[in-house]
Amino acid sequence: MAHEIVLGEIEGTAAHICSSVTKINQINDLFKYLKHEHATVAITASEALFACFKNYSITTTIIPDGLSPEQQAVYKFLSTKLKTYRQRLLTDLSHRDDAVAVHHLQTLVEMLVLQSSDTPTHGVLAEQVIDALLSPNSDKEDTLSHFADTFMACPDVQLLALRAIARCANTHTSAPPAAKRAKSSANATDTQTHVVNNLYMLLHQYELPTPDMLSELPTLSMMFSSVEDEFTEEPLDTADNDDIGDNESDDETLDLTVASAAAPPPPEDTTPVVDKAISELHKSLAKAFSTAWLEFLKLELPTEVFRDALSRLNDQVIPSLNNPKMLIDFLTDAYSLGGVAAVLSLKALFTLIYYHNLDYPDFYKQLYALLDTSIFYVKHRVTFFPLLDQFLSSTHLPAYLAAAFAKRLMRLALQAPPSGVEVTVQLVYNLIKRHGSLKRLAHRRLTDEGETPTIAGDPFDMMQEDPAQSNAMDSSFWELSCLLQHYHAPVQTTAELIKTPAFRKHPQPVAKMAQGSYNSAIQTTTKKPLDASVPLTFIPPTSLSDVSTTFELWQ
């Protein structure tokens, strides 16, 4: 009930202010409610203030020419209050209540639309709004999501946001050396967590539109095409001027000594339009997009953001960059970290090597080092194994390199889960089909017939990091004899591929196999129909129970 009384007071005060210019000093009362702890009161006060400014056609702090002294006094007073109001809205974009922050954002954008694009304060206000959204004071997930969903469809907003992201990232980066950038990113502290999260909230959702798409996207002014219809052009009624200056507030008031003052003329209809060609706009967006990502990747990123950004680079970022080679240092540093970071950077790095002529001699050496038992249990194995098959598909790879990968995969198969064994054996088979010299490893015997091969008798060095020094060409696939005795029948079937001397089947993709797990293996096995004649006992029973045996058990 108390809130309803306050809301009634706010509406009444706003009605008085809009009814006569002599009441405009009461606008100070509305400012007090902006600080109210209740969200509904603060939002209502903000709406009332904005309605008052629109009632008197005050959309900018610049006083127009051609006004009488009385009009200038009114305009100057209300312009000063507009500046204070706008600054309060910018500050409260970090409000603890998301509803207040979202409302203030909507109001600020509407202010931006009401200003002419050629007004000096237009660009300043646009930068202030986005900079306030990206400030490092707190995480603004809900407010930024509203901004992205509502306004980022407009090309003009996209350009402003991308430039603000680049500017904010450049301000907060310490620009570490390229050799240490990925390492520091993976071990980022909490000092820049807020700014990184705010920047990434906008950046990772944005995809650069094509020129054809740009021509169909709305501008910000088109979104608010009905805003200007809300203006009222009623003359200011100054017949009752006794209340002017009577406000007891400590805030600034207007002292009018004249009998009347006409309302300033409304601004001309100067709805902003895109005056550049679509191609030029696309070039500007592409440049801003590239700068924003390159500056963002210089920051110290938390581990989650670092990994998510790596996973997006190949499909979402590289195709839209003006110069993808600018990512070389970041990707190579991430790849050299090993582990999950290396796996996530694989695809983007290979794209630079294959399509952008990146010379990276240690690519296969570091790829070889990624093959260990942990790779079968990470969630990124679904993308890693198909990529590994793609990287090893070239028939121009040296024989020793192909043999080292094949032998390492066979050794890992001895410790892998059933689904991992299947994908591993299939990768080895694909290598044998592409590199005929590997057939000798499938048929070579390291021991005399009848003897069991051992790891100690295998010349292959599993601990050797350099595939050229692993002695894989002198080894054999003796692990195959173990896999043919595997408890999981599909593993035995897959291992038969390598045992067959002819190798007649074509290489097969491994993407589906890489999705396997213990759960999928159990589900597949339990769905198979069972033979109706499955034996349940060795001796057919002649009765429900053997009486003598039953009594013996009770004794």
Side-chain angles (χ1 to χ4, degrees), residues 169 172-193 195-197 199-200 203-204 293-318 321 324-354 356 358-392 401 404-405 408-409 412 462-470 514:
H172 291 87
T173 185
S174 56
K180 298 181 180 179
R181 187 176 304 144
K183 186 174 182 180
S184 64
S185 298
N187 300 281
T189 62
D190 294 335
T191 56
Q192 293 181 316
T193 299
V195 66
V196 169
N197 289 340
L199 293 177
Y200 197 62
L203 195 57
H204 86 281
W293 267 104
L294 293 176
E295 292 295 335
F296 175 77
L297 293 178
K298 294 178 182 178
L299 295 171
E300 293 184 2
L301 308 180
T303 302
E304 293 183 1
V305 176
F306 177 64
R307 292 178 177 178
D308 190 70
L310 279 174
S311 66
R312 296 175 183 273
L313 287 182
N314 186 75
D315 298 327
Q316 184 175 332
V317 180
I318 289 180
L321 291 182
K325 292 183 179 180
M326 296 296 291
L327 291 175
I328 290 177
D329 287 343
F330 179 81
L331 288 173
T332 53
D333 290 344
Y335 191 53
S336 63
L337 290 176
V340 177
V343 173
L344 294 174
S345 62
L346 266 178
K347 196 170 185 180
L349 193 58
F350 187 77
T351 298
L352 294 184
I353 294 174
Y354 191 81
H356 299 280
L358 170 62
D359 185 15
Y360 191 36
D362 292 336
F363 177 79
Y364 282 98
K365 182 178 178 180
Q366 295 187 12
L367 179 63
Y368 183 78
L370 290 178
L371 295 178
D372 56 30
T373 54
S374 64
I375 199 65
F376 297 107
Y377 302 99
V378 297
K379 64 179 181 179
H380 303 293
R381 68 182 184 278
V382 178
T383 57
F384 173 75
F385 285 115
L387 285 175
L388 179 62
D389 188 41
Q390 179 184 358
F391 300 153
L392 299 177
L401 187 62
F405 274 94
R408 191 176 183 90
L409 287 169
L412 290 174
M462 184 70 174
M463 304 304 295
Q464 176 58 247
E465 297 181 356
D466 187 356
Q469 305 296 326
S470 63

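Note: hydrogens, waters and symmetry copies are ignored here, and every other heavy atom, side chains too, is used.
To the nearest 0.5 angstrom, Lys325 atom NZ is 9.0 Å from Leu352 atom CG. Between the CZ atom in Arg312 and the CH2 atom in Trp293 there is a gap of 7.5 Å [rounded to 0.5 Å].
For Ala369, there are no side-chain contact (heavy atoms from CB on, under 4.5 Å) partners two or more places apart in sequence or in a different chain. In terms of the ring-ring contact (aromatic ring centres under 6.0 Å, His included) criterion, residue partners of Phe391 (sequence neighbours excluded) are, by chain and number, Phe350, Phe363. For Asp389, the side-chain hydrogen bond (donor to acceptor under 3.5 Å, both in side chains) partners two or more places apart in sequence, or in a different chain, are Asn430, Arg434. With sequence neighbours left out, the ring-ring contact (aromatic ring centres under 6.0 Å, His included) criterion links Tyr364 to no other residue. Listed by chain and number, the residues in a ring-ring contact (aromatic ring centres under 6.0 Å, His included) with Phe384 amount to none (sequence neighbours excluded).
Counting heavy atoms from C-beta outward, Ile375 and Phe385 have side chains that approach closer than 4.5 Å. Contact annotation: the side chain of Asp362 never approaches that of Tyr335 to less than 4.5 Å [non-hydrogen atoms, C-beta and beyond]. Inter-residue side-chain proximity for Leu371 and Leu388 is flagged as met; some heavy-atom pair is nearer than 4.5 Å. The shortest side-chain heavy-atom distance between Val305 and His204 does not fall under the 4.5 Å cut-off.
For Ala334 against Phe306, the heavy-atom pair with the smallest separation is CB-CZ, 4.0 Å. The two residues Pro324 and His356 come nearest to each other via the heavy atoms CG-CE1, 3.6 Å. Considering all non-hydrogen atoms of both residues, Leu412 and Met462 come closest at CD2-CE, 3.6 Å. Arg408 approaches Gln464 most closely through the heavy-atom pair NH1-O, 4.2 Å. Nearest heavy atoms, Gly339 versus Leu370: N-CD2, 3.8 Å. Heavy-atom minimum distance, Ala309 versus Leu297: CB-CD2, 4.5 Å.
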(message) Please determine whether side chain to side chain contact (heavy atoms under 4.5 Å, CB included) holds for the pair Leu358 and Leu349, giving the CA-CA distance in whole Å, both sets of side-chain angles, and the decisive distance to 0.1 Å.
(response) CA-CA 9 Å; Leu358 170 62; Leu349 193 58; 3.7 Å; yes
(request) Let me see the working for Val343 and Val378 under side chain to side chain contact (heavy atoms under 4.5 Å, CB included), right down to the final yes or no. (result) CA-CA 10 Å; Val343 173; Val378 297; 5.9 Å; no
(message) The test is side chain to side chain contact (heavy atoms under 4.5 Å, CB included); show your working for Val196 and Glu300 and say whether it passes.
(response) CA-CA 8 Å; Val196 169; Glu300 293 184 2; over 6 Å; no
(message) side chain to side chain contact (heavy atoms under 4.5 Å, CB included), that's the test. Do Phe330 and Leu310 meet it? Break it down for me.
(response) CA-CA 10 Å; Phe330 179 81; Leu310 279 174; 3.6 Å; yes
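Within the structure, side chain to side chain donor-acceptor pair (under 3.5 Å) pairs that include any residue of residues 377-388 do not occur (at least two apart or interchain).
For Asp308 (side chain) and Glu304 (main-chain N/O), no donor-acceptor pair under 3.5 Å exists by modelled atom type. In terms of modelled atom types and a separation under 3.5 Å, the side chain of Arg307 and the main chain of Val340 share no donor-acceptor contact.
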